[in-house]
Amino acid sequence: MTGPPTPLRVGRDALLLECAGPEQVRATAAAALARRESGLLVCDEVVPGAATVLLDGVVDRNAVLAELGTWADVEVVDDEDRAVELPVAYDGPDLDEVARLTGLSTSEVVDLHLSTELRVAFCGFAPGFAYLAGLPEVLHVPRRDEPRTRVPAGAVGLAGEFCGVYPRESPGGWQLLGTTRTTLWDPSSAEPALLRPGTAVRFTRD
């Protein structure tokens, strides 16, 4: 981690830590979780985002602010035990549009997507929805100009620097490449979300 994140006080007992990018988000979240586990940080939740980490329910914000400069010492350990493969049928309605935007053929888009190992940067938008980082820059495509009112569960899409899979039917504006039949969100499970921050994800052809 390069330097400490920039802290902002939020509400009565939260801190928002602004980070320089996804890697600093991962490092900052790892440092916060390690400190909470060891009792050095007392807070209710650690919530990573695209460029921030929210610490909610912080008991002593001044203590956190005083030691924030030492958080860079924590090593980020990837959650290799949580590596997940998702079989995908590349039948998405936006596959041709992604090819046009990238200047690649549709088969080249698919091959590049299949060959890329992604990692969950953070979760949000809907229960079980994970933002997967690590796409090659050529696959960074904008959202659709007109979002769809209904995107089916299992749809695999791209938006900006992220790839995502819709865990259930919902509105959405991501460029859809295909569909997976894997269940990403099961509220009856002890761990409802299949994907969580740090999980490595690789797509395979269904």
Side-chain angles (χ1 to χ4, degrees), residues 10 16 18-23 25-26 29 45 47-54 56 84-187 192-206:
V10 178
L16 186 67
E18 293 186 332
C19 301
E23 289 304 314
V25 168
R26 290 182 60 212
E45 291 194 77
V47 184
T52 60
V53 176
L54 176 68
D56 193 26
V84 169
E85 285 194 351
L86 296 177
V88 176
Y90 284 92
D91 55 3
D94 299 319
L95 186 55
D96 288 342
E97 176 63 5
V98 171
R100 186 189 70 79
L101 289 167
T102 59
L104 303 173
S105 66
T106 55
S107 62
E108 287 173 328
V109 169
V110 171
D111 288 345
L112 192 53
H113 191 248
L114 285 169
S115 66
T116 302
E117 183 171 292
L118 303 169
R119 194 170 295 279
V120 178
F122 61 98
C123 298
F125 172 61
F129 191 98
Y131 290 76
L132 308 179
L135 285 175
E137 191 169 348
V138 69
L139 291 183
H140 294 186
V141 295
R143 294 169 179 263
R144 288 170 49 83
D145 292 335
E146 295 184 9
R148 293 182 170 90
T149 56
R150 296 177 61 186
V151 175
V156 178
L158 304 179
E161 64 184 291
F162 296 109
C163 177
V165 184
Y166 287 79
R168 62 183 180 184
E169 182 180 291
S170 66
W174 291 43
Q175 306 275 3
L176 305 182
L177 297 183
T179 310
T180 182
R181 290 177 287 183
T182 303
T183 299
L184 299 192
W185 176 254
D186 179 4
L194 177 65
L195 307 179
R196 64 191 189 200
T199 302
V201 178
R202 180 177 290 279
F203 292 95
T204 61
R205 195 184 296 271
D206 190 357

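- Heavy atoms only, all atoms of each residue included: P187 and P192 are closest at CA-CB, 4.0 Å.
- Side-chain contact between V165 and T182: absent, with no pair of heavy atoms (C-beta onward) separated by less than 4.5 Å.
- By the 4.5 Å heavy-atom criterion applied to side chains, W174 and R143 are counted as neighbours.
- Counting heavy atoms from C-beta outward, F129 and S170 have side chains that stay 4.5 Å or more apart.
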Worked check of side-chain contact (heavy atoms from CB on, under 4.5 Å) between L86 and L194: CA-CA 11 Å; L86 296 177; L194 177 65; 4.1 Å; yes
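- Annotation: side chain of R26 is in contact with side chain of R119 (closest heavy-atom distance under 4.5 Å).
- Two residues are said to be in side-chain contact when any heavy atoms from C-beta on lie closer than 4.5 Å; T179 and P152 fail this criterion.
- Taking the side chain as every heavy atom from C-beta outward, V138 and E108 never approach each other to under 4.5 Å.
- The closest side-chain heavy-atom distance from V120 to R196 is not below 4.5 Å.
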Chi angles and distances behind the side-chain contact (heavy atoms from CB on, under 4.5 Å) call for L195, C123: CA-CA 8 Å; L195 307 179; C123 298; 5.7 Å; no
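- L104 contributes atom CG, which lies 7.0 Å from atom CG of L139 (distance to the nearest 0.5 angstrom).
- At least one side-chain heavy atom of R205 sits under 4.5 Å from a side-chain heavy atom of V110.
- The two residues G49 and V25 come nearest to each other via the heavy atoms O-CG1, 3.4 Å.
- Distance check, rounded to the nearest 0.5 Å: CG of L176 to CG of D94 gives 5.0 Å.
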